[in-house]
Amino acid sequence: MPTTLYIDADACPVKEEVYRVARRYGLKVFVVSNAWINVPREPMIEQVVVDAGPDVADDWIAERAVTGDIVVTADIPLADRCLKSGAQALKSNGQPFTPDSIGSALAGRMVGEHLRSIGVATSGPPPFSNADRSRFLQALDTAVVRARKVNL
């Protein structure tokens, strides 16, 4: 089964990089969002607009991503679901979610939510940089090579 790329697209800063890698390897890309966004008109790139609502895009991706697929997301619970189905998950800065790291990522998310719920100001993620973009391209290429070995 060929590798499929899924982009949790609403706030993803590396869509163009995903398209570039997908073209190089001839991979199908699903760009999943809650609203219409501009995507290239190419047969291997498909936009999926899901209904508005919490986790609707996440559910669409998680129900389809399987072993050998790659999901690009910053959403930690979505990454956890995808890892459990055998897919790889990457942040837009190139950091992979792994079975070894997902537990601490989920715990950190819960702590952050708790702190915000009691009124503690928390900082957001650092600004996205060119170095992040470069790391992402390297990590995605590595993930595709790994996925293609799984799909042989």
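Since we're looking at a predicted model, the values are computed, not measured. Values below: all heavy atoms of this structure, side chains included; hydrogens, waters and symmetry mates excluded.
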Taking side chain as C-beta onward, heavy atoms only, is Cys12 less than 4.5 Å from Val72? yes

With Asp132 via side-chain contact (heavy atoms from CB on, under 4.5 Å) - residues at least two apart: Asn93, Phe128, Ser129, Arg135

Between Ser92 and Pro13 (side chain of the first, backbone of the second, donor and acceptor by atom type, cut-off under 3.5 Å), is there such a pair? no

If only atom types and distance count, is the side chain of Thr142 paired as donor or acceptor with the main-chain N or O of Gln138 below 3.5 Å? yes

Value for CD1 (Ile76) from CZ (Arg81), rounded to nearest 0.5 Å, stands at 14.5 Å

Between the side chain of Asp69 and the main-chain N/O of Ala87, is any donor-acceptor distance below 3.5 Å? no

Does some side-chain heavy atom of Leu140 sit less than 4.5 Å from a side-chain heavy atom of Leu5? yes

Between Phe136 and Val145, is there shared hydrophobic-cluster membership here, with clusters defined by ILVMFWY side-chain heavy atoms closer than 4.5 Å? yes

So if you build clusters from Ile, Leu, Val, Met, Phe, Trp, Tyr with side-chain heavy-atom gaps below 4.5 Å, do Val71 and Leu27 land together? no

Does Arg24, at its CZ atom, have more than 12 non-hydrogen atoms belonging to other residues, nucleotides or ligands within less than 6.0 Å? yes

Partner residues of Asp55 under the side-chain hydrogen bond (donor to acceptor under 3.5 Å, both in side chains) criterion, sequence neighbours left out: none

Between Ile70 and Ala147 the two heavy atoms that sit nearest each other are CD1-CB, 4.3 Å

Give the minimum heavy-atom separation between Leu83 and Ala89, together with the two atoms involved. CD2-N, 4.2 Å

Please check if Val32 and Val39 belong to a single hydrophobic cluster, counting links between Ile, Leu, Val, Met, Phe, Trp and Tyr side chain heavy atoms closer than 4.5 Å. no

Would you say the side chain of Tyr25 lies within less than 4.5 Å of the side chain of Thr3, judging by non-hydrogen atoms? no

Are Asp80 and Phe97 side-chain neighbours, meaning at least one heavy-atom pair lies under 4.5 Å? no

What is the distance from atom SG of Cys82 to atom CG of Asp75, rounded to the nearest 0.5 Å? 9.0 Å

Taking only residues at least two apart or on different chains, which pairs with a member in residues 7-19 satisfy salt bridge (Lys or Arg N to Asp or Glu O under 4.0 Å)? Glu17-Arg133

Just list the side-chain donor-acceptor pairs under 3.5 Å for residues 43-54, sequence neighbours left out, or say none.
residue	atom	partner	partner atom	Å
Glu46	OE1	Lys28	NZ	3.0
Gln47	OE1	Trp36	NE1	3.2
Gln47	NE2	Ile37	O	2.9

Here the gap from Gln88 atom CD to Thr67 atom OG1, rounded to the nearest 0.5 Å, amounts to 10.0 Å

Assigning hydrophobic clusters by single linkage (Ile, Leu, Val, Met, Phe, Trp, Tyr; side-chain heavy-atom cutoff under 4.5 Å), is Ile7 placed with Leu90? yes

Sequence neighbours excluded, which residues qualify as ring-ring contact (aromatic ring centres under 6.0 Å, His included) partners of Phe30? Tyr6, Trp60

State which residues pass side-chain hydrogen bond (donor to acceptor under 3.5 Å, both in side chains) with Arg23; sequence neighbours excluded, sorted by chain then number. Glu42

